[in-house]
There are 2 protein chains.
Amino acid sequence: MTSIARKAASDRAPTSSDDDASAGWSRVTARDIAEELGISISTVSRAFTENAVISPRTREKVMRTAERMGYQPNPFARSLITRRSKIAGIVVADITNPFYPEVLANLTKRLQDTGLQTMLFFAGPGRKVDDALPTLLQYSPDVAIVLAATMSSEMVSACREVGTPVVLFNRYVPGSGAAAVCCDNVDGGRQVADALANAHHRRLAYIAGSPDTSTNNDRLLGFTERCRELGLDDPIVEEGGSFTYEAGSAAVKRLLDRRNPPDAVFCANDIIAIGALDAARRELGLSVPKELSVIGFDDISMAAWPSYSLTTVRQPVNAMIEMTIDEARRLLAHPQAEAEEQTVPGRLIRRNSARLEEVS
Amino acid sequence: MTSIARKAASDRAPTSSDDDASAGWSRVTARDIAEELGISISTVSRAFTENAVISPRTREKVMRTAERMGYQPNPFARSLITRRSKIAGIVVADITNPFYPEVLANLTKRLQDTGLQTMLFFAGPGRKVDDALPTLLQYSPDVAIVLAATMSSEMVSACREVGTPVVLFNRYVPGSGAAAVCCDNVDGGRQVADALANAHHRRLAYIAGSPDTSTNNDRLLGFTERCRELGLDDPIVEEGGSFTYEAGSAAVKRLLDRRNPPDAVFCANDIIAIGALDAARRELGLSVPKELSVIGFDDISMAAWPSYSLTTVRQPVNAMIEMTIDEARRLLAHPQAEAEEQTVPGRLIRRNSARLEEVS
DNA sequence: ATGAAAGCGCTAACAA
DNA sequence: TTGTTAGCGCTTTCAT
């Protein structure tokens, strides 16, 4: 059967049966282009391969007919051979924090710029990251990027064993073998302590987010550490339980219900801070920042909204994304390279939710 | 060369050269399982194929060794033959509106429940949906889902021609051949007009979002339509220009700057409404809802925050997601079926940003 | 119920 | 510079 006959046969419309579940129409393949041009399939392939030995003229010819006939190489067939899928698997845990949609969007865009497409997986309540990974690994992505979540060291090893490096974004698991890109959360906590101390706040509090997350712990660590260095009392730590508005709102009420309430609260992230700020103002009738200073972490776009004007530690998202991509590419190029845990400093953005000294 | 030898050869660790760019280690294949068990590759395949003729005992045996050896079928090789990728391509345009991250998350989860993995593409400023589609189509997804964006009819046809049905979420393009799932935006607008009229508001305004979006136009259409039916003046239409906080904030200021300012504004979505509400309260010193009623659309989680307590039309997100999935499956099963444009009614959620009559 | 063989669409040696 | 050949890992007739 000639290929044209084959094509015609498969080109026929699906049967008229309403139950027809045919997968649709046949696509244009390299073979079609080859036949159209009277050249070999390999040559067509070469036209689409960078650095392949092929005369510019033939390549040009191939590209034009490909364009005309609507041919695009089949990435599945290709990756079967090249053993590179050109796919990045992204696992997202917490999409309710507005910080992450933006990261996801920009990360995906930048990945796409470097020729990697994104397969998306959600972890979250009832869906552990570890559970999502077998499915992810089926697609042998060239890299797995995990946003705001951790995974077991065993899973990281499993990934590397099948050749998929893992990059954690905004989390780290020391000794796991996973690369990690984080804002310097410890330093961020310290910056806040410094700023608050300078402005003569003396009763400091910290509203925690999800326990056992490196972001939460490190921000608190730096904050406490610096308070001690400055000879201040340890901050009161109020467990929020999660990185949510409600957590912040409830926690600040408990905090201000104490005999000796704080005059400044540092919150584990912006959403908590906004919840705290709203509750302080509207439910407790406090004036912010006059009676209470509130500081967050992340600098999500809401933080700049006039009604919040939240003082916060800005995470250098774009830099972090670039580092993530660089690390991914590095690990891809050198599979047995050591995974690096990298950190970028954040910067305190002074707005109007905290009474701070003017910076000179 | 025996396959064991082949395997051993490819199993060797990458060379020690630091420049080594090998793609990693070889994975377990069906062949490995077959050899381990002394059966044929076909049988291994059958064990993983639902409704395949295979004895329960063999299947069980295969599954166990697969588990033990860490074998999972390669979806690329599989889809090369089956001509089904088990992939859903999702195109997202506007991730800054908090409505969509949640949709994306839940949609992806539900898709995954039905056995479809998600490939993610971002459109947006400078990246038209139409531009993202060729890449998307390369992966021959079983369905393309477009969130909050439109595409050209030609592109829709191109998709269907290669067997990929398109489902638009929260947009529609009549006559394009794309299926669509929307909240009933016209009806939502009408509900708002009714509620406002009942509460004796007389000077109504609408703050528009992105022009030329069906969501924006239909909400306004229903609102205006119903105002006329009720014998009210046409609402003042203030162009916001986009579905953003800043747009809402700026628009409401212009609106209240008029000689004869409105006593109620209906906003094209919640983010606009929140921007309007903040500006009205904090920049113009108005009391909401006493001096101005503000109503939004979507019911994002922020709308319920105490400081906003936004009255809004709730989109039945989960229902819409189910409909999207159902439509996708239907189109998949019957490739030549007519694409349907479906609509679900929204519901007005009465909170405290609008002065409305009590409902009986 | 199972195996052998063909081939999905492509790339990568190897020849020519 | 190009064509030929041999698969990548899998599913699917067709025999058995």
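So you know, we letter chains A, B, ... as the sequences are listed, proteins then strands, and number each from 1. The structure presented is a predicted model; accordingly, all values stated were derived computationally and were not measured. Computation of the quantities below employed the complete heavy-atom set of this structure, encompassing side-chain atoms and omitting hydrogens, waters and symmetry-equivalent molecules.
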Which of C/dG9, D/dG3, C/dT2 is nearest the side chain of A/Ile39? It is D/dG3

Under 4.0 Å: is that the gap between some side-chain N or O of B/Arg83 and OP1 or OP2 of C/dG9?
yes

Rounded off to whole Å, could you give me the CG-to-P distance for the A/Leu80 and D/dC8 pair?
9 Å

Gap separating the CE atom of A/Met320 from the CG atom of A/Leu107, nearest 0.5 angstrom:
10.5 Å

What is the distance, rounded to the nearest whole Å, between atom CD of A/Glu35 and atom P of D/dG3?
13 Å

Could you work out how much the helix from C/dA1-D/dT16 to C/dA16-D/dT1 bends, comparing the axis of its first five pairs with that of its last five, to 10°?
30°

For B/Val53 and B/Arg46, work out which heavy atoms get closest and say how close.
O-CD, 3.3 Å

Determine, stepwise, if the pair B/Val28 / B/Ile33 fulfils side chain to side chain contact (heavy atoms under 4.5 Å, CB included).
CA-CA 8 Å; B/Val28 184; B/Ile33 305 296; 4.2 Å; yes

Nearest-angstrom distance from the residue atom CG of B/Asn74 to P of C/dC10:
16 Å

Taken to the nearest whole Å, CZ/A/Arg84 to P/C/dA12 is 11 Å

Angle between ring planes, B/Phe48 versus B/Tyr71, binned at 30° and 60°: parallel, tilted or perpendicular?
perpendicular

Salt bridge (Lys or Arg N to Asp or Glu O under 4.0 Å) between B/Arg330 and B/Glu327, intermediate numbers included
CA-CA 5 Å; B/Arg330 192 178 67 87; B/Glu327 182 67 8; 2.9 Å; yes

Residues A/Asp131, A/Lys128: salt bridge by 4.0 Å N-O rule
no

Measure CD1/A/Ile33 against P/C/dT11 and give the value in whole Å, please.
13 Å

Taking all non-hydrogen atoms of both residues, which atom of B/Met151 and which atom of B/Cys159 are closest, and how far apart?
CE-SG, 4.3 Å

N/O (side chain, A/Ser79) to phosphate O (OP1/OP2, C/dC10) under 4.0 Å
no

Do B/Thr49 side-chain atoms and B/Ser45 backbone N/O form a donor-acceptor pair below 3.5 Å?
yes

A correct 5'-to-3' footprint of nucleotides 11-16 of chain D, with B, S and - meaning base, sugar-phosphate only and no protein heavy atom under 4.0 Å, is BB----

At their closest point, which heavy atom of B/Phe76 faces which heavy atom of B/Asn74, and how far apart are they?
N-OD1, 2.8 Å

Closest approach to the side chain of A/Thr29, judged atom by atom: which nucleotide of C/dC10, D/dT1, D/dC10 is it?
C/dC10

